[in-house]
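Source: prediction; values computed, not measured.
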Amino acid sequence: MPNPPHALAVRQARQHLLEYGECPADGIDARVARSWHRSLAAGLLPGACPLETEHATSTELKRILASQHELLAYSRPVMELLYQQVQSSQSMVILADAHGTLMHTLGRAEFLQRAQQVALSSGASWHENHRGTNAIGTALAEGCDIEIHGGEHFLERNAFLTCTAAPIVSGSGKLLGVLDISGDCRGDHPHLHGLVNISARLIENRLLLATCGQQLCLHLHPLREGIGSVAEGLLKLTHDGLVAGANRAALAMLDLTLPRLGQIHIEALLDTALDALLQLQRQPGQPLVVHRHDGRVLYAMLSTSSASRRPPQSHVLGAPMALADEPSLTARAGAHGDALAQLDTGDLRWRNAADKARRVVDKPIPLLIQGESGVGKELFARAVHDSGPRRDKAFVAINCAAVPENLIEAELFGYVGGAFTGARREGSPGRLRQAHGGTLFLDEIGDMPLAMQARLLRVLQERQVSPLGGGSSVAVDFALICASHCNLREASEQARFRSDLYYRINGLTVHLPPLRERTDFAVLTQRLLIDLAPQRGLCVAPELLHRLRQLPWPGNLRQFVNALRTAIAMLEPGEVAIEWRHLSDDLQEDLTAHARSGQTKGIDSTLAMPSVGTESNLRALSRSAIRQALQSSDGNVSQAARRLGISRQTLYRKLAA
């Protein structure tokens, strides 16, 4: 709270300004004095009210939000965390763009009502030309963090506020926006300045990591434990070592100025060769001791990309992630920076599986991924491969349930020319040999025929492959990852899967959660929207997202991705929010039925049984029977086919129809 002498000095300075057109040299911050002069030059008067034209229309605001999607996506989780620290006070957290237009606000309802009377709401412009001296507009004008207390605001109607703002800049020094906390000037706000500054730096760090893409990102700090923290220095490097971007901490650590970005090589800043830094890619999580040319010691770690490369969420979705964990997300991005980190959207069970997988990725320990159909087992397996020492070698995936039984042996082990009718004259090396040096991923291994299981076990024991039709054995070396939607331990106990093979492939088992149990639904949704429609800045209407979250999604991510892809296709040009009308009819029916039931049900139970009598009804009945068989078989295609009395290949054809 401003002390009485300061408040008196401000009133006297204001009176002097209005009477003589200039501020006295004493009693007022020089930046405030400059801002008051700019406010007068803009034609503002202390008792004046802003014009309505200084508020963006809904169409203009939608365009602004779409153009600032990345800034919004990375800022919102930090704003939520920041608001948790000040929510007990009469305060609100605000994000504005580089022109001073408010894009997102958080605050208590009682204070928001008062704040809205002075246009502290999304779409309002708080540029100095429109609102006079204020923390947002003055931070933009001065290019630095600033606090504006009570009467320091140029417009008298804003004098009940105390505001603290900090600019957000890119790794190249471009001004992106402003983060602000505004509260009642009668409150006590001793730590707001520090909170706002740290939060702005956190946003800047995440944005810089996001822009690295396939370039290199060098993490620096005087302490080993500082790597991955909000205080770490970040440098964006080209692959030949040119410094293309830096955060403020790195600029300070290396006495580097913005004009030198893009012109200076990393070896001109550190007494360490680029080749030595590149070796860090092969030692993830192991910082290297480096030296500035003046001898000062720093710890360094290199990453080629970040978990934060894509925006993790948009609060437009209506359900932010577990924000108390936000700083650890940034730390993890810096500490790991691998393909698994890029897939991490905040679910603790998924993250636990990724952490376990990282511990064996460089060891001769097979990985078994368990989870329902459609949860992303192959995507997880590929990320494990890309996060390990074999990332530059082949990743060979084969779906054991999709290959006909009479071909799976040839597919896996290869064959010599003329080994069987229809064989290619030149023969085939087989997928096991193609995986040599890299990773072999056997999806739905639980559906592999028992005879093939025995032969695969022999290959895993001997690390030798003998092609069909004769020929000498060939040595193979690959990392093994298997996946199955069924419980392989239970299957082995029931003699449906070889127990010796189960214990051979079960070096480490991880379980991926189904979509209905994930805690990161909103973040994951935003990630999928970005993958499906890059650069469009799409979101899901909050109420709709809440209802989508409640569905059981038996098809998991595969089903959800298809639903989003269809909804995106239904958007009109210029639309960015997915709403009810964009959903397919069957999904609308599922949502309606689920809302009526008031409890989580499988999608099959929400479908009305069609009456038989027309060709279309017969097809609908067939599809319903297939869905019910798959559900009752826990997604096991072979078991569902047996229940229906058809072959597995016929069932696959019907599913694809």
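Looking at heavy atoms from C-beta onward, Asp355 lies out of side-chain contact with Trp350 at the 4.5 angstrom threshold. Contact check for Cys217 versus Leu209: side-chain heavy atoms found under the 4.5 Å cut-off. Considering only heavy atoms from C-beta on, Leu207 stays 4.5 Å or farther from Thr211 through its side chain.
Considering only residues two or more places apart in sequence or on other chains, Glu372 meets the side-chain hydrogen bond (donor to acceptor under 3.5 Å, both in side chains) condition with Arg516, Asn556. Under the rule for a side-chain hydrogen bond (donor to acceptor under 3.5 Å, both in side chains), the partners of Glu60 that lie at least two apart in sequence or sit in another chain are Thr57. In this structure, the side-chain hydrogen bond (donor to acceptor under 3.5 Å, both in side chains) partners of Thr509, at least two apart in sequence or on a different chain, are Asn506. Residues passing the ring pair (Phe, Tyr, Trp, His ring centres under 6.0 Å) test with Phe560, sequence neighbours excluded: Phe521, Trp553.
Annotation for Arg547: atom CZ counts as buried by contact number, over 12 foreign heavy atoms lying within 6.0 Å.
Residue Arg391 holds its CZ atom at 11.0 Å from OG1 of Thr439, rounded to the nearest 0.5 Å.
Applying the salt bridge (charged side-chain N to carboxylate O under 4.0 Å, His left out) test to residues at least two apart or on different chains, the pairs with a partner in residues 551-580 are Glu575-Arg581, Glu579-Arg581.
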Quiz item: Going through the checks in order, is the side-chain hydrogen bond (donor to acceptor under 3.5 Å, both in side chains) test met by Gln434 and Arg431?
Solution: CA-CA 5 Å; Gln434 289 175 358; Arg431 307 306 294 275; 3.0 Å; yes
Practice problem: Test side chain to side chain contact (heavy atoms under 4.5 Å, CB included) on Leu456 and Ile445 and set out the steps. | Solution: CA-CA 11 Å; Leu456 174 63; Ile445 192 173; 4.0 Å; yes
Could you pull out all donor-acceptor pairs under 3.5 Å where a side-chain atom in residues 94-103 meets a protein atom, sequence neighbours excluded?
{"unit_1": "Asp97", "atom_1": "OD1", "unit_2": "His99", "atom_2": "N", "d": "2.9"}
{"unit_1": "Asp97", "atom_1": "OD1", "unit_2": "Gly100", "atom_2": "N", "d": "3.0"}
{"unit_1": "Asp97", "atom_1": "OD1", "unit_2": "Thr101", "atom_2": "N", "d": "2.9"}

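Using a cutoff of 4.0 Å between basic side-chain nitrogens and carboxylate oxygens, Asp338 and Arg358 are scored as salt-bridged. Look at Asp347 and Arg349 and you find no salt bridge, because none of the NZ, NE, NH1 or NH2 atoms lies under 4.0 Å from a carboxylate O.
Residue Met448 comes nearest to Leu412 through the heavy atom pair CE-CD1, 3.7 Å, listed as atom of the first residue, atom of the second, then distance. Residues Ala401 and Asp447 share a closest heavy-atom pair of CB-OD2, 3.2 Å.
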